[in-house]
Amino acid sequence: MSDSANQPTSDYESSSPGERRVFATTSWSMVLQASDPENPTAAREALANLCEAYWFPLYSFIRRKGNGRDEAEDLTQAFFAELLEKERLNRADRERGRFRTFLLTSLNNFISNDWREKQALKRGGGRTPISFDFDDADQRYTNLPHHELTPEKIFERNWAFALLEQTMANVRSQYEDSGKATLFEELKGVITGQAVLSYEAIAQRLEMKEGAIKVAVHRLRQRYGEQLRMQIARTIDDPANVDVELQALFSALNPESA
């Protein structure tokens, strides 16, 4: 990965105008800035986008707390429905500045203070819920290598995976938009660690020179690194803390070594 991929920029400018617009409408810092009463609609839309991307870590946290699938689904739906309706943004801790911290703290407060008093509430109590794929979520949770991790560690680990998945989806979309979907599919294994073909074999499959494949791999790694940093920046208040969050991400992915 090049040095440029490791250096944060002031606003995480994207090479793609369309991508820049996406960042502008999903940034946690923008949510905090828009959490005042003068601009509640923008804050709610941005918060909803972030919730849709990162709800699964909370679902897995609830499951790890000992709740069954049905109760976990109810809790997740009710929590996000209430989060998006009430002025909980005003309670966000700007000094800590992490969206994941805000979510987990809000969920714990919701479970202890609100949910137990509203057990008759069903699937958001008539509210319009965010559409979550709970069938897929249950399968994903079942397949998780839980080991002896606490609910909090499970949350952190799944938060890290969600960031990586979102990053990979963004990079894939960029390659598709530039007409290089096949190249991406052939090379993505170098990022995921699942590469099974040599550069020579990939070059033969794509009718390219091996040197060109090496250059393409370098560019893919560089773009993935940039996108990962951008994705992390979207979930924190201060882009200067990207490196700290990167460390936290890698620690969450390897809990046994932490």
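Here the structure is a predicted model, which means the values were calculated and not measured.
Between Phe184 and Met168 the shortest side-chain heavy-atom distance falls below 4.5 Å. In this structure, Gln166 and Gln227 have side chains that are not in contact, with every pair of non-hydrogen atoms separated by 4.5 Å or more. The shortest side-chain heavy-atom distance between Ile213 and Leu187 falls under the 4.5 Å cut-off. Counting heavy atoms from C-beta outward, Ile236 and Phe99 have side chains that stay 4.5 Å or more apart. Arg100 has its side chain within reach of Glu245: a pair of non-hydrogen atoms, C-beta onward, lies under 4.5 Å apart. No side-chain heavy atom of Glu52 sits less than 4.5 Å from a side-chain heavy atom of Phe80. Looking at Ser106 and Phe79, their side chains come closer than 4.5 Å, going by heavy atoms from C-beta outward. The closest side-chain heavy-atom distance from Val244 to Arg98 is below 4.5 Å.
Note that CG of Leu228 and CZ of Arg223 are 15.0 Å apart. Values are rounded to the nearest 0.5 Å. In this structure, CD on Gln204 lies 10.0 Å from CG on Leu197, to the nearest 0.5 angstrom. Put simply, OG1 on Thr76 and CG on Asn67 are 9.0 Å apart, with the number rounded to the nearest 0.5 Å. Separating the CZ atom in Arg234 from the CG atom in Leu50 is a distance of 9.5 Å, to the nearest 0.5 Å. Rounded to the nearest 0.5 Å, atoms CZ (Phe155) and CG (Leu104) are 5.0 Å apart. Once rounded to the nearest 0.5 Å, the distance linking CG of Leu58 with SG of Cys51 reads 8.0 Å.
No donor-acceptor distance shorter than 3.5 angstrom exists from the side chain of Ser173 to the backbone of Ala169, with no hydrogens or angles considered. No donor-acceptor distance shorter than 3.5 angstrom exists from the side chain of Asn241 to the backbone of Asp237, with no hydrogens or angles considered.
Pairing each heavy atom of Ala162 with each of Ala53, the nearest pair is CB-O, 4.3 Å. Heavy atoms only, all atoms of each residue included: Tyr59 and Arg69 are closest at OH-CG, 4.0 Å. Shortest non-hydrogen contact noted between Thr150 and Arg64 is C-CG, 4.3 Å. Shortest non-hydrogen contact noted between Leu47 and Phe102 is CD1-CE2, 4.5 Å. Ala160 and Leu253 make their closest contact through CB-CD2, 3.7 Å (heavy atoms, listed as atom of the first residue, atom of the second, distance). The shortest heavy-atom contact between Val242 and Ala233 is CG2-CB, 4.1 Å.
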Report task. For side chain to side chain contact (heavy atoms under 4.5 Å, CB included), just list the numbers for Leu75 and Phe110, CA-CA rounded to whole Å, side-chain angles, deciding distance to a tenth of an Å, and then say yes or no. Result -> CA-CA 9 Å; Leu75 274 166; Phe110 174 75; 4.2 Å; yes
Query raised in the report: Between Gln222 and Glu226, does a side chain to side chain contact (heavy atoms under 4.5 Å, CB included) hold up when you go through it step by step?
Result: CA-CA 6 Å; Gln222 182 178 42; Glu226 292 170 348; 3.7 Å; yes
**Report entry** Worked verdict on Ile154 versus Phe61 for side chain to side chain contact (heavy atoms under 4.5 Å, CB included)
**Finding:** CA-CA 6 Å; Ile154 288 290; Phe61 172 84; 5.8 Å; no
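For an aromatic pair to be called close, the ring centres must be under 6.0 Å apart, and Phe56 with Trp159 fails this.
Salt-bridge annotation for Arg229 and Asp243: present, with a side-chain N of the basic residue lying under 4.0 Å from a carboxylate O of the acidic one.
Tested against Glu185 for a salt bridge (charged side-chain N to carboxylate O under 4.0 Å, His left out), the candidates Lys180, Arg172, Arg205 yield a single pass: Arg172. Each of Leu249, Asn158, Leu246 was compared with Leu163 under the side chain to side chain contact (heavy atoms under 4.5 Å, CB included) criterion, and only Leu249 meets it.
With hydrophobic clusters built from ILVMFWY side chains whose heavy atoms lie under 4.5 angstrom apart, Val215 does not share a cluster with Leu220.
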